[in-house]
A.B. asks: 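Please see the structure below; I have some questions.
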Amino acid sequence: MPVGGGTFEVKVDANVDVTVSNSDGDWLHHVETRGLVTNVFTFTVDPSELPDSRQAEIFVRGADMQETVNVYQAGEEVFVLSEKSIVVPSSASELKIDVRSNVDFTFNIDCTWLREQNTRSISSVTKTFVVDENAGYDAREAKIVFTTSKGKNETVTVTQAQKDAIVLAKTEYDVPSAGGLLEFNVASNVDFEVDCQADWISRVQTKGLTDRLVSFDVQSNDNENSSSREAVITFSKDGISQQVTVRQAASSRRKIHIAQAGTLNTLVTVDELKALTELTLTGEMNQDDVDMLTASEGMFDGDDYVKIADTFVDDSYRIRKLDVCGVTFEDNTLDGFTLTNLEEVVLPESIEILGPHAFEFCWKLKQIDLSALPALHSILGEGATSSVFRTMSSHGAFRGCMQLQNVTIPSTVRTFTTGAFAYCTDLSKIEFAEPAQVETFELSYSVINDGLGTVGDRPAPRLYYGMFEGCTSLKTFTIPSSVTRIQHDTFRNCPVESLVIPESVRIFDGNSLFAGCANLKSVTLPSYVSEINDNMFSGCSSLEELVLSSAIAKVGESSFKGCEKLREFDFESMIEIGNNAFEGTGIESFKAPVNMTELPKGI
């Protein structure tokens with residue numbers, strides 16, 4: 001009989017009454033039949049769940065006789081799995097598989113994220129497996145292969161769902177005030193919805209895209225009184241969400257009214273100021289407002305500060321045009337507008353003084369109309385107290401305005417300090433409108449702390465700054481006729497090639513007056529000058545001609561030292577010559593004047 005069981009008949013030929021019995025009634029059953037002419041006995045055989053064959057006997061008896069029928073049923077292994085394909089969620093979970101088997105078996109798992117929970121003896125049991133969370137964004141599959149002791153394989157396929165996600169490369173975007181198209185990619189394994197509550201951002205629908213590029217139209221925020229704004233775009237699906245923050249800058253043009261001096265910091269932030277290219281201010285301003293505008297209180301802090309000459313300034317402000325025509329300044333003094341990107345400025349007519357930091361290091365400022373300031377009377381520069389162990393520094397109203405080319409000083413100006421235009425490297429012309437009122441050029445200098453203190457009446461050392469020091473493009477300069485006094489060091493390191501001191505100058509101190517003027521070729525002195533002071537032309541390496549109207553009686557120490565192109569000098573009327581007066585000049589011969597009683601050292 002086959003393993004699956006069935007029915008068979010045993011035919012008995014006999015002339016006596018017979019009876020039937022069998023040796024194993026558990027799986028072999030006699031089926032009673034009636035009305036048969038011949039003795040036919042029917043039996044049913046149950047299916048076998050045993051791996052091996054089995055045997056039973058049928059006994060047929062009649063009178064004193066007996067016959068035996070042997071019944072054999074084949075065996076077959078049974079191995080049944082409750083599931084062949086299972087889908088589990090992306091979260092961590094347990095997996096159960098019912099196994100019905102009449103043989104021993106083993107199993108193998110082809111991944112690390114699926115493992116058996118226990119290892120009890122193998123039998124017809126429920127096997128439990130631990131499934132790790134799927135943190136990836138793709139579904140994954142594993143196979144559990146069961147193998148019986150007789151080599152039969154059964155496979156269970158386990159598929160784990162992916163982690164649903166919406167992934168954004170950036171979660172913050174800054175857009176300019178002009179607005180425009182904002183585009184970015186969204187990586188997602190689900191269809192998502194987009195929501196933005198801001199009315200100034202709208203979704204732009206695109207077609208045919210496979211990389212999930214999303215586009216938004218950002219409206220302009222360019223009103224001159226606008227402020228920066230922020231919006232959130234939400235991408236969501238079935239409890240999954242990601243957000244993008246969009247920040248839009250305020251307009252690069254801004255008009256601010258300062259009702260009370262000192263309150264600019266309550267009306268605008270430093271970051272907002274740094275984003276502006278055009279700024280119009282009205283109302284009242286004091287130095288606190290100016291300091292905020294240029295962050296002068298934060299010198300040396302942060303990476304935005306750059307070194308220009310010997311001073312650090314903040315180069316992060318973008319303001320190109322500044323209109324303060326409607327501002328009333330404290331004491332009618334404008335000072336401290338160090339804006340390195342400033343190209344154009346409009347000033348109020350009430351300005352009387354341009355302080356020593358007025359437009360210092362506005363290196364992109366190309367022109368300024370000072371004639372529009374009818375009340376202007378002072379343009380200042382100044383030095384600073386310094387240690388001999390540190391770099392000297394000075395300041396000037398237009399110091400470091402390297403692109404400034406032409407300047408006319410109004411006739412209203414009475415005070416003009418040396419250094420006011422220092423290091424204006426492109427300045428090629430500066431003139432004083434007539435009738436000028438400047439009577440003297442005020443000196444700027446640094447007081448040097450040499451660590452020695454004062455000794456008796458010994459004054460603290462000073463380092464003086466020349467009138468146009470560092471103005472490498474300035475070749476000529478005309479001293480206005482209003483000037484009656486010229487002080488020492490006034491033209492120190494001046495780049496001009498020729499200079500005429502007018503007869504109007506009645507007080508003349510020539511000490512170091514032209515020291516370091518390496519480009520100076522010709523100088524004309526007033527007719528009354530009869531003395532060349534100490535160091536007066538020291539370092540004037542290009543000096544070839546000195547125009548004098550009267551005889552020179554005295555030449556001070558080192559007065560022409562280093563004037564290598566000076567080849568002639570009239571010594572006839574001299575009475576006194578200072579030590580090293582002509583050292584390093586081109587003069588090859590010297591005849592002592594008859595009135596000179598003592599020769600200097602190192603002439």
A.B. asks: Name every donor-acceptor pair, under 3.5 Å, that has one atom in a side chain of residues 533-540 and the other anywhere in the protein, sequence neighbours excluded.
C.D. replies:
residue: Asn533; atom: OD1; partner: Gly510; partner atom: N; Å: 2.9
residue: Asp534; atom: OD1; partner: Glu557; partner atom: N; Å: 2.8

A.B. asks: In sequence, state the C-alpha distance, the side-chain angles, and the governing distance for Asn221 and Trp200, and then conclude on side chain to side chain contact (heavy atoms under 4.5 Å, CB included).
C.D. replies: CA-CA 9 Å; Asn221 190 30; Trp200 50 277; over 6 Å; no

A.B. asks: Search all heavy atoms of Leu370 against all heavy atoms of Pro410 and return the closest pair with its distance.
C.D. replies: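 Between these two residues, the closest heavy atoms are O-CG, 3.2 Å.
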
A.B. asks: Ignoring hydrogens and geometry, is there a side-chain-to-backbone donor-acceptor pair from Asn332 to Ile351 under 3.5 Å?
C.D. replies: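 Not confirmed, Asn332 side chain does not pair with Ile351 backbone.
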
A.B. asks: Counting distance only, does the side-chain N/O of Thr277 pair as donor-acceptor with the main-chain N or O of Ser252 below 3.5 Å?
C.D. replies: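 Indeed, once roles are kept as given, a pair shorter than 3.5 Å links the two residues.
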
A.B. asks: Side-chain contact, heavy-atom cut-off 4.5 Å: Ser542 with Leu520?
C.D. replies: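 Ser542 vs Leu520: side chains apart.
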
A.B. asks: Can you list the residues that meet the side chain to side chain donor-acceptor pair (under 3.5 Å) rule with Ser378, with sequence neighbours excluded?
C.D. replies: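 Expected list: none.
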
A.B. asks: Should the heavy atoms of other residues, nucleotides or ligands under 6.0 Å from CD of Glu544 be counted, would the total exceed 12?
C.D. replies: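 Buried by this count: over 12 neighbours within 6.0 Å.
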
A.B. asks: Could you walk me through whether Thr245 and Glu230 pass the side chain to side chain donor-acceptor pair (under 3.5 Å) check?
C.D. replies: CA-CA 7 Å; Thr245 299; Glu230 182 176 297; 5.1 Å; no

A.B. asks: How far apart are the closest heavy atoms of Ile507 and Tyr528, and which atoms are they?
C.D. replies: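 Ile507 and Tyr528 have their closest heavy atoms at N-OH, 4.2 Å.
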
A.B. asks: Backbone N or O of Phe441 within a donor-acceptor pair of the Gln487 side chain at under 3.5 Å?
C.D. replies: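 Such a contact is found between Gln487 side chain and Phe441 backbone.
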
A.B. asks: With heavy-atom distances below 4.5 Å as the criterion, would you say the side chains of Val500 and Val547 are in contact?
C.D. replies: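 They are not in contact (no side-chain heavy atoms under 4.5 Å apart), so the answer is no.
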
A.B. asks: May I ask you to test the Ile353-Asp331 pair for a side-chain heavy-atom distance under 4.5 Å?
C.D. replies: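 No; the side chains remain at least 4.5 Å from each other.
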
A.B. asks: Using atom types as modelled and distance alone, determine if a side-chain donor or acceptor of Gln248 lies under 3.5 Å from a backbone N or O of Pro176.
C.D. replies: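 Indeed, once roles are kept as given, a pair shorter than 3.5 Å links the two residues.
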
A.B. asks: Without placing hydrogens or testing angles, list every side-chain donor-acceptor pair under 3.5 Å for residues 470-484, not counting sequence neighbours.
C.D. replies:
residue: Thr472; atom: OG1; partner: Thr425; partner atom: O; Å: 3.4
residue: Ser473; atom: OG; partner: Thr425; partner atom: O; Å: 2.6
residue: Lys475; atom: NZ; partner: Thr472; partner atom: O; Å: 3.3
residue: Ser482; atom: OG; partner: Val438; partner atom: N; Å: 3.4
residue: Ser482; atom: OG; partner: Val438; partner atom: O; Å: 2.5

A.B. asks: Going by distance alone, is a donor N or O of one side chain under 3.5 Å from an acceptor N or O of the other, for Glu183 and Ser215?
C.D. replies: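 The answer is yes; a qualifying pair exists.
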
A.B. asks: According to the salt bridge (Lys or Arg N to Asp or Glu O under 4.0 Å) rule, which pairs have a member within residues 485-502, sequence neighbours left out?
C.D. replies: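 Non-adjacent pairs meeting salt bridge (Lys or Arg N to Asp or Glu O under 4.0 Å): Asp489-Arg492.
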
A.B. asks: Sequence neighbours excluded and cut-off under 3.5 Å, please list the side-chain donor-acceptor pairs for residues 560-571, or say none.
C.D. replies:
residue: Asp570; atom: OD1; partner: Glu572; partner atom: N; Å: 3.1

A.B. asks: I'd like to check the ring-ring contact (aromatic ring centres under 6.0 Å, His included) partners of Phe508; sequence neighbours left out, ordered by chain and number.
C.D. replies: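 ring-ring contact (aromatic ring centres under 6.0 Å, His included) check on Phe508 returns nothing, list empty.
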
A.B. asks: Which pair of non-hydrogen atoms, one from Ile532 and one from Ser559, has the smallest distance, and what is that distance?
C.D. replies: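 Heavy atoms only, the tightest pair is CG2-CB, 3.7 Å.
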
A.B. asks: Counting only N and O atoms by type, is there a donor-acceptor contact under 3.5 Å from the side chain of Ser411 to the main-chain atoms of Ala436?
C.D. replies: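 Here the side-chain-to-backbone pair does not exist.
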
A.B. asks: Heavy atoms only: give me the nearest Gly355-Asp335 pair and the separation to one decimal.
C.D. replies: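 Reported closest heavy-atom pair: C-OD1, 3.2 Å.
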
A.B. asks: Please examine the side chains of Glu172 and Arg247, heavy atoms only from C-beta on, and report whether any two atoms are closer than 4.5 Å.
C.D. replies: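 They are in side-chain contact.
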
A.B. asks: Can you list everything that forms a ring-ring contact (aromatic ring centres under 6.0 Å, His included) with His488? Sequence neighbours excluded, please.
C.D. replies: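 With neighbours one apart ignored, the set is Tyr464.
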
A.B. asks: For the CD atom on Glu349, are there more than 12 heavy atoms of other groups (residues, nucleotides or ligands in this structure) within a distance under 6.0 Å?
C.D. replies: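 No, the 6.0 Å shell around CD holds no more than 12 heavy atoms from other groups.
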
A.B. asks: Nearest 0.5 Å, please: how far is OG in Ser251 from CG in Leu276?
C.D. replies: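 If we round to the nearest 0.5 Å, Leu276:CG and Ser251:OG are 7.5 Å apart.
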
A.B. asks: Report the distance from atom CG of Leu264 to atom CD1 of Ile258, rounding to the nearest 0.5 Å.
C.D. replies: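 The CG atom of Leu264 sits 4.5 Å away from the CD1 atom of Ile258.
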
A.B. asks: Starting at OG of Ser371, measure out to CG of Leu373 and round the result to the nearest 0.5 Å.
C.D. replies: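 One finds 7.5 Å between OG of Ser371 and CG of Leu373.
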
A.B. asks: Which residues pass the side-chain contact (heavy atoms from CB on, under 4.5 Å) test with Glu469, sequence neighbours left out?
C.D. replies: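 side-chain contact (heavy atoms from CB on, under 4.5 Å) check on Glu469 returns Tyr423, Tyr465, Asn493.
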
A.B. asks: Working to the nearest 0.5 Å, report the span between CD of Glu442 and OG1 of Thr490.
C.D. replies: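 Glu442 atom CD to Thr490 atom OG1 measures 9.5 Å (nearest 0.5 Å).
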
A.B. asks: Report yes if some heavy atom in the side chain of Ser228 is under 4.5 Å from a heavy atom in the side chain of Glu272; otherwise report no.
C.D. replies: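 Answer yes - side chains close enough.
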
A.B. asks: Quick one: does Leu293's side chain get under 4.5 Å of Ile319's, heavy atoms only?
C.D. replies: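 The answer is yes; the side chains approach within 4.5 Å.
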
A.B. asks: How far apart are the closest heavy atoms of Val268 and Met292, and which atoms are they?
C.D. replies: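 Closest pair (atom of Val268, atom of Met292, distance): O-CE, 2.8 Å.
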
A.B. asks: What residues form a ring-ring contact (aromatic ring centres under 6.0 Å, His included) with Phe491, not counting sequence neighbours?
C.D. replies: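 In terms of ring-ring contact (aromatic ring centres under 6.0 Å, His included), with neighbours along the sequence ignored, Phe491 is linked to Phe514.
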
A.B. asks: Looking at Thr328 and Glu284, would you say the former's side chain and the latter's main chain have a donor-acceptor pair under 3.5 Å?
C.D. replies: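 Pair absent, no side-chain N/O of Thr328 close to backbone of Glu284.
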
A.B. asks: I'd like to check the ring-ring contact (aromatic ring centres under 6.0 Å, His included) partners of Phe398; sequence neighbours left out, ordered by chain and number.
C.D. replies: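 Result, ring-ring contact (aromatic ring centres under 6.0 Å, His included) vs Phe398: Phe359, Phe421.
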
A.B. asks: Out of curiosity, Ile233 CD1 to Leu182 CG, how far, rounded to the nearest 0.5 Å?
C.D. replies: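 Going from the CD1 atom of Ile233 to the CG atom of Leu182 covers 6.0 Å.
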
A.B. asks: Taking all non-hydrogen atoms of both residues into account, name the closest pair between Asn341 and Lys364 and its distance.
C.D. replies: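 That closest heavy-atom pairing would be OD1-NZ, 3.0 Å.
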
A.B. asks: Would you tell me whether Glu330 and Asn286 have side-chain atoms, one donor and one acceptor, within less than 3.5 Å of each other?
C.D. replies: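 Side chains of Glu330 and Asn286: no pair found under 3.5 Å.
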
A.B. asks: Short question: side chain of Thr263, backbone of Thr266 - any donor-acceptor pair under 3.5 Å?
C.D. replies: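 Pair absent, no side-chain N/O of Thr263 close to backbone of Thr266.
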
A.B. asks: Under a 4.5 Å cut-off applied to non-hydrogen side-chain atoms, are Phe329 and Ser350 in contact?
C.D. replies: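 No; the side chains remain at least 4.5 Å from each other.
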
A.B. asks: Do the ring planes of His395 and His357 sit parallel (below 30°), tilted (30 to 60°) or perpendicular (above 60°)?
C.D. replies: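 Plane angle between 30° and 60°, so tilted.
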
A.B. asks: Using the test side chain to side chain donor-acceptor pair (under 3.5 Å), find all partners of Ser558 that sit at least two apart in sequence or belong to another chain.
C.D. replies: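 Checked Ser558 against side chain to side chain donor-acceptor pair (under 3.5 Å); zero matches.
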
A.B. asks: List the residues meeting side chain to side chain donor-acceptor pair (under 3.5 Å) with Arg414, not counting sequence neighbours, and say none if there are none.
C.D. replies: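 If we apply the side chain to side chain donor-acceptor pair (under 3.5 Å) test to Arg414, skipping adjacent residues, there are no hits.
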
A.B. asks: Looking just at side-chain N and O atoms, do Glu382 and Thr417 make a donor-acceptor pair shorter than 3.5 Å?
C.D. replies: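 Short answer, no.
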
A.B. asks: Just checking, any donor-acceptor pair under 3.5 angstrom between side chains of Asn406 and Lys429?
C.D. replies: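 No donor-acceptor contact under 3.5 Å links the two side chains.
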
A.B. asks: Taking the side chain as everything from C-beta on, heavy atoms only, tell me whether Ile409 gets closer than 4.5 Å to Phe416.
C.D. replies: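 Yes, at least one pair of side-chain atoms sits under 4.5 Å.
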
A.B. asks: With rounding to the nearest 0.5 Å, note down the distance linking CD in Gln403 to NZ in Lys366.
C.D. replies: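 The CD atom of Gln403 sits 5.0 Å away from the NZ atom of Lys366.
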
